[in-house]
Amino acid sequence: MRDTLKLVIVLGLFCILSAGILAKVYDVTKGPIAEAKAEEVRRAIKAVLPPYNNKADAEFVDKIIGKDGKGNDIVRRVYIGKKDGNVVGRAFLVVAPDGYGGPIEIMMGVNPKGVITGIEIISLSETPGLGAKISSVKTWPGRGSGPGGLIGKSLKNNLKVKRDGGEIDQITGATISPRAVVKAVKKGLEFYKREFREN
């Protein structure tokens with residue numbers, strides 16, 4: 001009985017000590033993690049918008065785009081880039097839920113005329129050497145501004161990959177990933193048109 005009591009006390013102290021260490025680690029790391037995420041957002045906004053001279057990451061509006069499984073609002077944050085006070089573009093995240101390896105997060109920029117100004121892949125789980133090629137313009141020109149690229153396109157264009165009869169380049173042997181991104185970006189443009197009514 002005495003041995004059991006000792007074991008319980010030792011295990012209890014160990015749990016308390018472990019919880020304390022974890023809490024301290026969380027306190028120490030939460031600031032740097034939050035700053036790293038904020039820097040990632042700033043970098044992505046800058047990459048997808050035309051040149052601006054305001055703090056685009058600090059000027060934003062939140063739009064409700066639906067409800068989750070628990071009935072809570074799903075909010076999309078839209079960052080506003082301005083030059084000399086005039087809006088030059090808006091940046092926001094879209095998610096392609098049907099990537100080959102899972103959801104693909106994309107930051108996209110759109111100018112006031114509803115034209116795509118930039119695409120950045122924020123996170124993906126696509127197959128290295130195949131679907132993961134969507135992360136770079138060099139390996140997937142569909143992300144770029146060439147004839148088969150998304151940049152410069154709007155809802156007036158046929159926003160599908162070429163294999164589906166559209167204008168956007170796919171990747172040989174890995175069409176699923178480009179198809180998912182193009183579909184998500186098109187939905188992003190539809191959201192933009194619905195919410196901002198500028199094109």
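Excluded from the calculations below are hydrogen atoms, water molecules and symmetry mates; all remaining heavy atoms, backbone and side chain alike, are included.
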Sequence neighbours excluded, which residues qualify as side chain to side chain donor-acceptor pair (under 3.5 Å) partners of [X]?
X    : value
E59  : N54, K82
D84  : N53
E126 : S177

- Note on the structure: Residues pairing under ring pair (Phe, Tyr, Trp, His ring centres under 6.0 Å) where one sits in residues 151-170, two or more places apart or in two chains, turn out to be none
- Task: May I have all residue pairs that pass ring pair (Phe, Tyr, Trp, His ring centres under 6.0 Å) and include part of residues 122-164, sequence neighbours excluded?
- Result: none
- For K67, enumerate each residue passing the salt bridge (charged side-chain N to carboxylate O under 4.0 Å, His left out) test, keeping only those at least two apart in sequence or located in another chain. D73
- Message: Regarding E40 and K37, does a basic nitrogen lie under 4.0 Å from an acidic carboxylate oxygen?
- Response: no
- Message: Do I116 and F92 land in one hydrophobic cluster if side-chain heavy atoms of ILVMFWY residues count as linked below 4.5 Å?
- Response: yes
- Query: V88, I119: one ILVMFWY side-chain cluster at the under-4.5 Å cut-off?
  - Reply: no
- Which residues share a side-chain contact (heavy atoms from CB on, under 4.5 Å) with D62, sequence neighbours left out: F60, V75, R77
- Taking only residues two or more places apart in sequence, or in another chain, which ones meet D164 in a side-chain contact (heavy atoms from CB on, under 4.5 Å)? K160, V161, R179
- Message: Going by the rule ring pair (Phe, Tyr, Trp, His ring centres under 6.0 Å), which residues pair with Y100 if we only count those two or more places apart in sequence or in a different chain?
- Response: none
- Go through the structure and list residues passing ring pair (Phe, Tyr, Trp, His ring centres under 6.0 Å) with Y79, not counting sequence neighbours. none
- Query: How far does CG of L159 sit from CD of E190, to the nearest 0.5 angstrom?
  - Reply: 9.0 Å
Within a strict 4.5 Å, meaning less than it, do heavy atoms of the [X] and [Y] side chains meet?
X    : Y    : value
V61  : F196 : yes
I171 : T175 : no
K153 : V115 : no
D169 : K162 : yes
Y52  : I45  : yes
I106 : L93  : no

Result block: side-chain N/O donor-acceptor pairs under 3.5 angstrom for residues 129-136, not counting sequence neighbours:
residue : atom : partner : partner atom : Å
S135    : OG   : A132    : O            : 2.9
S136    : OG   : K138    : N            : 3.1

- Which pairs, with at least one residue in residues 114-125 and sequence neighbours excluded, count as a side chain to side chain donor-acceptor pair (under 3.5 Å)? R43-E120, E105-S123, E120-R143
